[in-house]
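The structure under discussion appears below in the form of structure tokens.
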Amino acid sequence: MQQSTHKTLYNTHGWIGIISGILLFIVTFSGIPALFEEELSHWQSANNPVLNVQQQDLDKALLTAQAQGFDHSTFFIQPASEVDGNIYIAHYPEDETPAHIVKINPNNGQVLPEANSDMAELLGHLHTDLHLPHPWGRYLVGFAGMAMLLAIIAGIFIHLKWRKEFVMLRPKRSWRLLLTDQHKLLGLWSLPFTLILAFSGTILGLLGLISPILAVAAFNGDVPKATEAVLGPVATITQEYAPSQSINDFVLKQRHDMPNIEMDFIFIDGLNDKGGFIKFSGNHKSKLSNLESITYKLASGDQVHRGSFVEKGPFQRIFAAVTPLHYVLYGNGWLKLLYALSALAACGLIVSGNMLWLERRHGGKRNADHTKVAKNHWLGQLTLGTCGGLVVATTAVIAASQVLRIFNLGHQQVQWEQALFWGTWVGLIVLPFVYHNSFKLSHFMMRASGLLLLVTLLADGLINGRWLWHSQGWVFNMQCGFLISALLCFYLDFKIPHVREEKASKSATKNLVTTEEQDNRDLDSVA
Amino acid sequence: MNGVKEKLRSTTSRIIAALLGGLICTVALTIAITLVWPFGDTVEKIFAGGTFFFIFWAALFYWAILAPRGTRAWLRMLSILIPAMALDAMMLIAPLT
């Protein structure tokens, strides 16, 4: 590769990282709880019984919900799953008013109290929409994914000595070399996963933006028509009464017609209406697709539409695989763990990239009197505050989801959790600009996060009686996850240097100059 | 005139060509590929366009950014944009089928 091409790619890689790095960290780090959103949601509701569901009577569940005042004709049913053994019947209004959700125990048909905590949703929504108005947040996440993709592409081409870099970590040398090695090591080892996450995330984020472009080409700009062609028809409500058939019978019919669907959601549009539809959607049991669906008429039971992407062309299969690949809707819990570790590695990659950029530009600069210039660049402070602050705020809200139960706040707990999350994060974003010892602050954040996760486990045991050694199922898995994360925080606190390690001495350094350092210097001089 | 030339040749111009020019070209190329994709039904064409969108965007971004000068970057983008737009116009006005 020509040196000018290498230099351009190198600079592009750096600038993309600097411009989008902090946003990318927010999206990537919040992706870890988002990956376990269902499991976290199950864990945060301490009153969720661990169930072994044999059979679900959805008709009975709907009657129970209706007896509780659930009088909507358009709603979703989420049958009991392996993670959460409860049936959820939910109506999401078209305006911004809160959803009406009824949670039912499938074994005895009892209505369970609604969860007071909304921690899982809070963290999940940060990943998908950054808590910005829809669809702008989603687009921003998509653009962040695209930036990540571009940075990865340049990163692949500029790191030509990848065989050597796969195993190179020199912790005893300079701070800058440690950052360089860490950045390359994390990047190389997590490359397949970060590439998958970036590509699938970009598609998920920007699909809404490119849909009109595609609709222009294929449907003269008619987006609803294009959507219908992809996802199937929607019900036409006639207001004419026609009793709907049994949901349980429809479930049996769906299992017969599409036995390979792992049913996740049932959408009922127009209950007891002549034009009403019932749509089953879910994942394919053996292939990568979460867009499998079948739709029937509620009154007559006739099949209206059958959407199976695995039977279609290669590009439809690619799109059907995007969500399963991004959210690990295939494989088992161990694969999810591997994804989570890769996302964590990507977070380390982003932070080390930002620090490296700052180090290369400001690390060795001296004032006119040959004293070192201050190391606290605003970008470094912002990176520390935003990235470290998000980690602490996340662990704080996880701990709060259990600790706040002591105060019996009811539905107000959600507001308290949100206030705590945003308050902690904003406070920690400001802190590095006030307190300038970045190393001390990093250690404080690591310790605080580890302690908050331990507090979570303690609170779960004391308040809910769910001690780690008595837990089972996904509650046990989540608690193990918190414990391991706490230990990781303490390990990082132990390993991260307390001061910036300068090169030992000029003579020693001279002997230790490696090709790597030379490369870096060459590139710096070129830059 | 010289000032404009200088501006067009600059690194900023190259970056704008990569970001903005690349995106415009991507849109034009995506529409073209969706219109002319010969395999599968309409939905398959849509998804072919959707997949290629991101590949085109990344490829065009780097093609522009790796140009030696801003003017060359814009020329590269135009060399894609003009035929793609001509194809789009032709296919939208008088489709083959």
Side-chain angles (χ1 to χ4, degrees), chain A residues 1-2 4-9 11-13 15-16 19 142-143 145-147 149-154 157 198-203 205-207 209-221 225-232 291 307 309 312-322, chain B residues 11-12 14-15 17-19 22-70 72-73 84-85 87-93 95-97:
Chain A
M1 190 190 294
Q2 282 182 353
S4 63
T5 308
H6 191 270
K7 182 198 149 196
T8 310
L9 286 173
N11 285 339
T12 312
H13 179 77
W15 279 107
I16 290 173
I19 292 165
F143 282 117
M146 192 65 204
L149 202 59
L150 292 173
I152 291 172
I153 293 168
F157 285 107
F199 188 66
S200 54
T202 309
I203 293 179
L206 295 179
L207 195 61
L209 201 64
I210 63 166
S211 296
I213 300 166
L214 301 169
V216 162
F219 292 94
N220 294 323
K225 202 176 165 189
T227 311
E228 192 182 315
V230 176
L231 298 173
L291 295 174
F309 278 64
K312 300 282 174 58
F315 290 102
Q316 288 181 68
R317 290 209 296 273
I318 288 173
F319 262 75
V322 164
Chain B
T11 308
T12 313
R14 193 157 53 99
I15 294 167
L19 289 171
L23 183 62
I24 295 167
C25 277
T26 302
V27 172
L29 261 181
T30 304
I31 294 173
I33 207 91
T34 311
L35 288 166
V36 299
W37 191 251
F39 311 108
D41 54 11
T42 318
V43 179
E44 180 70 3
K45 285 180 183 188
I46 287 181
F47 285 118
T51 310
F52 279 117
F53 180 89
F54 302 101
I55 296 164
F56 288 150
W57 199 1
L60 289 167
F61 174 86
Y62 277 114
W63 199 36
I65 210 91
L66 287 172
R69 290 177 300 280
R72 185 71 72 83
M85 283 188 76
L87 188 64
D88 290 348
M90 196 180 77
M91 292 296 289
L92 286 169
I93 295 163
L96 293 173
T97 51

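Numbers restart at 1 for each chain; the letters A, B, ... are given by sequence-line order, proteins then strands. Hydrogens, waters and symmetry mates play no part in the numbers below; they use all other heavy atoms, side chains included.
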| task | Compare every heavy atom of B/I65 with every heavy atom of A/T8, then report the nearest pair and how far apart it is. | result | CG2-O, 3.4 Å

| What do you reckon, is CZ of A/R317 surrounded by more than 12 foreign heavy atoms closer than 6.0 Å? | yes

| message | Do A/Q316 and B/D41 have side chains that approach each other closer than 4.5 Å (heavy atoms only, starting at C-beta)? | response | yes

| message | Rounded to the nearest 0.5 Å, what separates atom CD1 in A/I210 from atom CD1 in B/I46? | response | 10.5 Å

| remark: A/S211 meets the side-chain contact (heavy atoms from CB on, under 4.5 Å) criterion, sequence neighbours left out, with A/L207

| message | Under 4.5 Å from any heavy atom of chain B, what part of A/T12 do you find: side chain, backbone, both or neither? | response | side chain

| remark: To the nearest 0.5 Å, atom OG1 of B/T34 lies from atom CD1 of A/I213 at 9.0 Å

| request: Side chain from CB out, backbone as N, CA, C, O: work out which of these in A/I16 comes under 4.5 Å of a heavy atom of chain B, or both, or neither. | output: side chain

| Toward chain B, the part of A/I203 with a non-hydrogen atom under 4.5 Å | both

Residues 51-64 of chain B, side-chain donor-acceptor partners within the protein, below 3.5 Å, at least two apart:
from, atom 1, to, atom 2, distance (Å)
B/T51, OG1, B/F47, O, 2.7
B/Y62, OH, A/L150, O, 2.5

| task | Heavy atoms only, distances under 4.5 angstrom: which of B/T30, B/I15, B/I31 has the most pairs with chain A? Name it, please. | result | B/I31

